[in-house]
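For reference, the structure discussed in these notes is given below.
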Amino acid sequence: MIRVLLVDDDPLVRSGLRLMLSGADDIEVVAEAADGGEVLALVDEHAPDLVLMDIRMPGVDGLEATRLLSARARARDRAGERAGGRAVAPAVVMLTTFKDDEQVLGALRAGAAGFLLKHTPPAEIVAAVRRVKAGEPVLSPAVTEQLIARVTQGGDGDGNGTGPRRLETAEARMRLDRLGEREREVAVAVGQGRTNAEIAAELYMSVATVKAHVSHILTKLEHTNRVQIALTVHYAGLV
């Protein structure tokens, strides 16, 4: 079963999501929260695989709650801690009515594994939960288009690679310099949206080896998921 924690300040939204997800025989909603400030405690209590979380909430919003989860996961990773064999932090998928590109980037940089609009059809939300559990990032098509446009144009909006965009590019290239040659090839493939199986076939290695490389890349780049690897590769101009 895929264990899900729902976080949204609107009880009607939570009720709809619970009803939608409970219809799948492999998904279980283990807890609900109305504020991001409840997330850490509920994660400890219920050990969800995935948190489906609204970005905008009146107390602690989804971005801050995701940052807190990611920061704690990194701290525990450094300390070599594990929670009963389960991953230290659950994957986070942002669910919102907004598709502002700064919100998308903020969510992904905070450590979210996906970003879906609330009007996404129920079947697609269920499929997204399954994909994230399998280690694949998810973005609504409309969000993907905006994200690609935002990353490929200048951060200052002029498309000339100056200002914030230049700083993002320099930082991304410095991070990628930490990788070995093979790890860099895998990172680029992740940035191209390849699955582990596709990367394995393309680079003539086993899926297990690809997974090991991705794990090492996450550690070296100080990232928490594949989406962040893809963003770094895009900012570095390698895709």
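Keep in mind that this is a model prediction, so the values were computed, not measured.
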- Query: Taking C-beta and beyond as the side chain, do Leu176 and Lys220 meet within less than 4.5 Å on heavy atoms?
  - Reply: no
- Query: If you group Ile, Leu, Val, Met, Phe, Trp and Tyr by side-chain heavy-atom gaps below 4.5 Å, do Val51 and Val60 land in one group?
  - Reply: no
- Test Glu45 against Leu42 for side-chain contact (heavy atoms from CB on, under 4.5 Å), laying out the working first. CA-CA 5 Å; Glu45 181 179 355; Leu42 288 174; 4.1 Å; yes
- Query: Does a side-chain heavy-atom distance below 4.5 Å link Arg130 with Ile2?
  - Reply: yes
- Item | Where Ser22 and Val29 come nearest, the two heavy atoms and their spacing | OG-CG2, 4.4 Å
- Message: Would you compute the distance between atom CD1 of Ile199 and atom NE2 of His213 and round it to the nearest 0.5 angstrom?
- Response: 10.5 Å
- Over all atoms of both residues, closest heavy-atom pair of Arg173 and Ala236: NE-O, 3.1 Å
- Item | Donor-acceptor pair, side chain of Arg3 and main chain of Val30, under 3.5 angstrom | no
- Determine, stepwise, if the pair Arg182 / Glu185 fulfils salt bridge (Lys or Arg N to Asp or Glu O under 4.0 Å). CA-CA 5 Å; Arg182 206 58 166 160; Glu185 291 176 342; 2.6 Å; yes
- Query: Taking Thr96 for the side chain and Asp54 for the main chain, is one N or O donor matched with an acceptor at less than 3.5 Å?
  - Reply: no
- Mind listing the closest non-hydrogen atom pair of His46 and Ala31 along with its distance? CD2-CB, 3.5 Å
- Message: Between Val186 and His216, is there a side-chain heavy-atom distance shorter than 4.5 Å?
- Response: no
- Mind checking whether Leu68 and Val39 have side chains closer than 4.5 Å, heavy atoms only? no
- Item | Glu222 and Arg178: CA distance, side-chain angles, deciding distance, side-chain contact (heavy atoms from CB on, under 4.5 Å) verdict | CA-CA 11 Å; Glu222 299 179 23; Arg178 304 172 188 172; 3.7 Å; yes
- Message: I need the minimum non-hydrogen distance between Pro90 and Leu69, along with the two atoms involved.
- Response: CD-CD2, 4.3 Å
- Taking C-beta and beyond as the side chain, do Val4 and Ile27 meet within less than 4.5 Å on heavy atoms? yes
- Report yes if some heavy atom in the side chain of Val129 is under 4.5 Å from a heavy atom in the side chain of Val93; otherwise report no. no
- At their closest point, which heavy atom of Ser70 faces which heavy atom of Gly111, and how far apart are they? OG-CA, 3.7 Å
- Query: Rounded to the nearest 0.5 Å, how far apart are CG of Leu203 and OG1 of Thr209?
  - Reply: 11.0 Å
- Separation between NZ (Lys133) and CE (Met1), nearest 0.5 Å, reads 11.5 Å
- Note on the structure: Between Met94 and Gly62, the two heavy atoms sitting closest are CE-O, 3.2 Å
- Query: If you round to the nearest 0.5 Å, how far is CD1 of Ile217 from CZ of Arg175?
  - Reply: 13.5 Å
- d(Leu6 CG, Leu95 CG) to nearest 0.5 Å is 9.5 Å
- side-chain contact (heavy atoms from CB on, under 4.5 Å) evaluation trace for Asp44 with Arg72: CA-CA 12 Å; Asp44 286 341; Arg72 188 173 71 171; 3.0 Å; yes
- According to a 4.5 Å side-chain heavy-atom criterion applied to Ile, Leu, Val, Met, Phe, Trp and Tyr, with indirect links allowed, do Leu179 and Val188 form part of one hydrophobic cluster? yes
- Note on the structure: Distance col, row Asp61:CG vs Asp35:CG, nearest 0.5 angstrom, shows 9.0 Å
- Query: Does a salt bridge link Asp8 with Lys118, judged by any charged N lying under 4.0 Å from a carboxylate O?
  - Reply: yes
